Amino acid sequence: MASGQEDDDSSNHHNSPKKVYKDPDDGRQRFLLELEFIQCLANPTYIHYLAQNRYFEDEAFIGYLKYLQYWQRPEYIKYIMYPHCLYFLELLQNASFRNAMAHPANKELTHRQQFYFWKNYRNNRLKHILPRPLPETTALPPAPPPPTASIAAASSGQVAVPPVLSPMQYGGPPGPPMKSDPRGGIDRRKRK
C-alpha cells in the first residue's frame with residue numbers, strides 16, 4: 001500500500017502547476033537595472049572595460065546582449081537618454097567589433113569618432129531639416145548720383161561728397177584684405 005501511495009503522490013506532483021517566480025515589484029527593478037546597463041554601452045571606455053575583463057568571451061553574456069535588443073522597440077526606446085547605446089549594442093552583436101574593443105587604440109578611435117558626431121550633429125541635422133533658400137540674383141551696385149547734383153553743389157560752393165556705400169555691399173571692410181588668424185581672429189600686425 002505504501003508503494004501505491006507513492007505513485008499517487010508522484011502523479012499529483014506532475015499534474016500540479018509549477019510555481020512561477022513573480023517579481024515583488026512587477027519587474028520594475030529589473031527594468032531599471034537593464035536600462036542602466038544598456039545606457040552604459042554608450043561609453044566606449046566601458047565597452048573597452050568589458051572587453052579587457054573578458055566579458056565578451058562568455059557565451060551567456062553574449063546571449064544577454066542579444067536579449068537586450070528589445071530596447072530598440074518603440075515602447076522601450078522612449079526611456080533611453082543616450083541613443084548611442086543602441087548603436088553600440090548593434091555593433092556588439094559582431095564578434096570582430098567585440099574583439100577590436102579590447103585594444104586601447106580602438107577605444108580611443110571610437111571615442112574620438114563619437115565626439116566628432118556630437119560636435120557636428122546639430123549642423124548636419126540642420127542641413128537636412130531646414131529648407132534650402134532659393135538662389136538669389138546678384139544685386140547690382142547702386143547707381144551713382146546724377147551728375148547734375150554734383151555740378152549744382154560745386155557751383156554753390158559746396159564740395160561734392162561721393163555717396164558712402166556700406167562695406168557689406170563689397171563683401172569686406174575697405175582697405176587691404178585682412179589675413180585670417182587661426183588663434184582667435186585678432187589682428188596681430190605691428191603698429192607704427
Side-chain angles (χ1 to χ4, degrees), residues 2-133 180-186 188:
S3 64
Q5 193 176 24
E6 287 176 14
D7 290 337
D8 290 341
D9 289 340
S10 63
S11 64
N12 287 340
H13 178 68
H14 290 294
N15 293 337
S16 64
K18 294 182 179 180
K19 292 184 180 180
V20 178
Y21 175 77
K22 180 155 173 61
D23 285 333
D25 60 353
D26 293 326
R28 180 173 170 73
Q29 186 70 26
R30 178 178 171 185
F31 174 82
L32 292 175
L33 287 173
E34 288 179 359
L35 176 62
E36 182 178 356
F37 173 75
I38 197 156
Q39 292 194 104
C40 287
L41 295 179
N43 185 346
T45 305
Y46 182 65
I47 296 173
H48 175 71
Y49 166 81
L50 293 174
Q52 285 287 326
N53 289 294
R54 300 182 180 199
Y55 280 89
F56 297 143
E57 295 174 9
D58 183 9
E59 289 300 320
F61 190 77
I62 302 302
Y64 183 63
L65 291 174
K66 288 179 183 175
Y67 159 76
L68 288 175
Q69 287 185 309
Y70 77 87
W71 283 96
Q72 295 173 345
R73 295 197 314 236
E75 61 266 24
Y76 295 101
I77 203 168
K78 63 185 176 183
Y79 296 105
I80 292 182
M81 294 178 59
Y82 307 107
H84 266 187
C85 67
L86 295 176
Y87 177 71
F88 285 122
L89 178 64
E90 192 65 34
L91 289 176
L92 285 169
Q93 303 305 315
N94 186 342
S96 61
F97 179 77
R98 293 191 301 260
N99 293 335
M101 286 306 290
H103 301 288
N106 292 334
K107 173 197 68 154
E108 291 300 322
L109 175 68
T110 306
H111 196 302
R112 200 173 323 120
Q113 292 299 319
Q114 185 180 44
F115 168 75
Y116 291 140
F117 176 83
W118 288 336
K119 179 181 174 188
N120 299 312
Y121 177 76
R122 182 176 179 271
N123 290 337
N124 291 338
R125 289 292 296 156
L126 289 177
K127 287 178 189 174
H128 298 290
I129 293 173
L130 296 177
R132 294 190 175 140
S180 63
D181 184 13
R183 295 174 283 165
I186 300 171
R188 298 192 190 282

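Residues take their numbers from the sequence shown, with the count starting at 1. Here the structure is a predicted model, which means the values were calculated and not measured.
- Note that CD of E57 is 12.0 Å distant from CG of L50, once rounded to the nearest 0.5 Å.
- Under a cut-off of 6.0 angstrom, the local environment of CD in E75 is crowded, with over 12 non-hydrogen atoms contributed by other residues, nucleotides or ligands.
- For the atom pair CZ (R28) and CG (L33), the distance works out to 11.0 Å, reported to the nearest 0.5 Å.
- N99 has its side chain out of reach of F56: every pair of non-hydrogen atoms, C-beta onward, lies at least 4.5 Å apart.
- In this structure, CG in L109 is found 12.0 Å from NZ in K107, a value given to the nearest 0.5 Å.
- Counting only heavy atoms from C-beta outward, the side chains of L65 and L41 approach each other to under 4.5 Å.
- What you find for H48 and H103 is that their closest heavy atoms are CE1-C, 3.8 Å.
- F97 CZ: more than 12 foreign heavy atoms inside a 6.0 Å radius.
- Here the side chains of T110 and Q114 are not in contact, with every heavy-atom distance at 4.5 Å or above.
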(message) Could you go through E36 and L32, starting from their C-alpha distance and side-chain angles, then the distance that decides it, and tell me whether this counts as side-chain contact (heavy atoms from CB on, under 4.5 Å)?
(response) CA-CA 6 Å; E36 182 178 356; L32 292 175; over 6 Å; no
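- Taking all atoms of both residues into account, the shortest heavy-atom contact from A42 to F88 is O-CE1, 3.7 Å.
- The closest side-chain heavy-atom distance from E34 to Y64 is below 4.5 Å.
- Considering only heavy atoms from C-beta on, R112 comes within 4.5 Å of Y116 through its side chain.
- Below 30°, between 30° and 60°, or above 60°: for F37 and F61 the angle between ring planes is above 60°, a perpendicular geometry.
- Separating the CD atom in Q93 from the NZ atom in K66 is a distance of 7.0 Å, to the nearest 0.5 Å.
- The two residues I38 and L89 come nearest to each other via the heavy atoms CD1-CD2, 3.5 Å.
- Separation of atoms OG1 (T45) and CE (M101) is listed at 7.5 Å; rounding is to 0.5 Å.
- The aromatic rings of F31 and Y76 lie tilted to each other, with the angle between the two planes from 30° to 60°.
- Annotation for E90 and Q69: closest pair OE1-NE2, 3.4 Å, computed over non-hydrogen atoms.
- Closest approach of R98 and L92 over heavy atoms only: NH1-O, 2.7 Å.
- Aromatic pair Y67/Y70: centroids less than 6.0 angstrom apart.
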